[in-house]
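Below is one structure, written out as C-alpha cells, with a few remarks after it.
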Amino acid sequence: MAKEEGKVMVAEYNSMASPTPKPIRTEFENLMGIKWTGWIARYFDDLDTLNNASIPKWMIRQYQKQHGSWDLRAPD
C-alpha cells in the first residue's frame, strides 16, 4: 500500500465527513492513525473574488457580517 511505501497520499476534504459512511471513516482513521473530531477545512490560494469564483458566497457574507468589507487581495 501507498502508506507502507512512504508515498504521498491525497484525500478529499470530506473523506471523513458526510457522505462517507462511519465504517469507512473508522477504517480511514485506523489506517492513518488519526481521530476525526468533526472539523473540516478547505484551502483557497487566492481570496480575490475576481480571480477565484470558487469562493463560496456564504463565506464572503459571513466575513462581511463580522469584519465589514471583503477586501482580501494580494498586495500590489
Side-chain angles (χ1 to χ4, degrees):
M1 285 183 61
K3 183 179 180 214
E4 284 79 21
E5 294 175 13
K7 295 186 178 182
V8 173
M9 296 176 60
V10 177
E12 217 176 344
Y13 72 93
N14 67 341
S15 292
M16 293 186 285
S18 176
T20 303
K22 185 171 182 186
I24 300 297
R25 181 177 72 231
T26 301
E27 184 178 348
F28 186 81
E29 289 173 332
N30 293 337
L31 174 68
M32 300 307 295
I34 59 176
K35 176 71 176 148
W36 183 60
T37 62
W39 283 88
I40 59 171
R42 185 168 172 197
Y43 174 79
F44 297 96
D45 60 354
D46 188 349
L47 295 174
D48 188 336
T49 55
L50 297 176
N51 297 330
N52 190 349
S54 68
I55 300 170
K57 302 294 183 220
W58 66 262
M59 189 172 97
I60 297 168
R61 283 192 306 273
Q62 280 296 101
Y63 185 90
Q64 289 171 327
K65 185 177 177 181
Q66 294 176 24
H67 303 282
S69 67
W70 177 276
D71 189 22
L72 303 174
R73 295 180 308 224
D76 294 327

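All values below were derived from every heavy atom in this structure, side-chain atoms included, with hydrogens, water molecules and symmetry-related copies excluded. If you're wondering where the values come from, they're calculated on a predicted model, not measured in any experiment.
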> Of all heavy-atom pairs between Asn52 and Asp46, which one has the smallest distance, and what is that distance?
Replying inline: ND2-O, 2.8 Å

>> Using every non-hydrogen atom in the two residues, find where Pro56 and Phe44 come nearest and quote the distance to one decimal.
In response: CD-CZ, 3.5 Å

>> Would a single hydrophobic cluster contain both Met9 and Ile24, if residues Ile, Leu, Val, Met, Phe, Trp and Tyr are joined by side-chain heavy-atom contacts under 4.5 Å?
In response: no

> More than 12 heavy atoms of other residues, nucleotides or ligands under 6.0 Å from CD of Glu27: is that the case?
Replying inline: no

> Can you list the residues that meet the side-chain contact (heavy atoms from CB on, under 4.5 Å) rule with Ile34, with sequence neighbours excluded?
Replying inline: Met16, Phe28, Met32

>> Contact between Ile55 and Trp70 at the side-chain level, heavy atoms closer than 4.5 Å - yes or no?
In response: yes

> Roughly how far apart are Leu31 CG and Glu4 CD, rounded to 0.5 Å?
Replying inline: 7.0 Å

>> Run the salt bridge (Lys or Arg N to Asp or Glu O under 4.0 Å) test against Lys7 and tell me which residues pass, sequence neighbours left out.
In response: Glu5

>> For Thr20 versus Arg25, what's the shortest heavy-atom pair and its separation?
In response: CG2-N, 4.0 Å

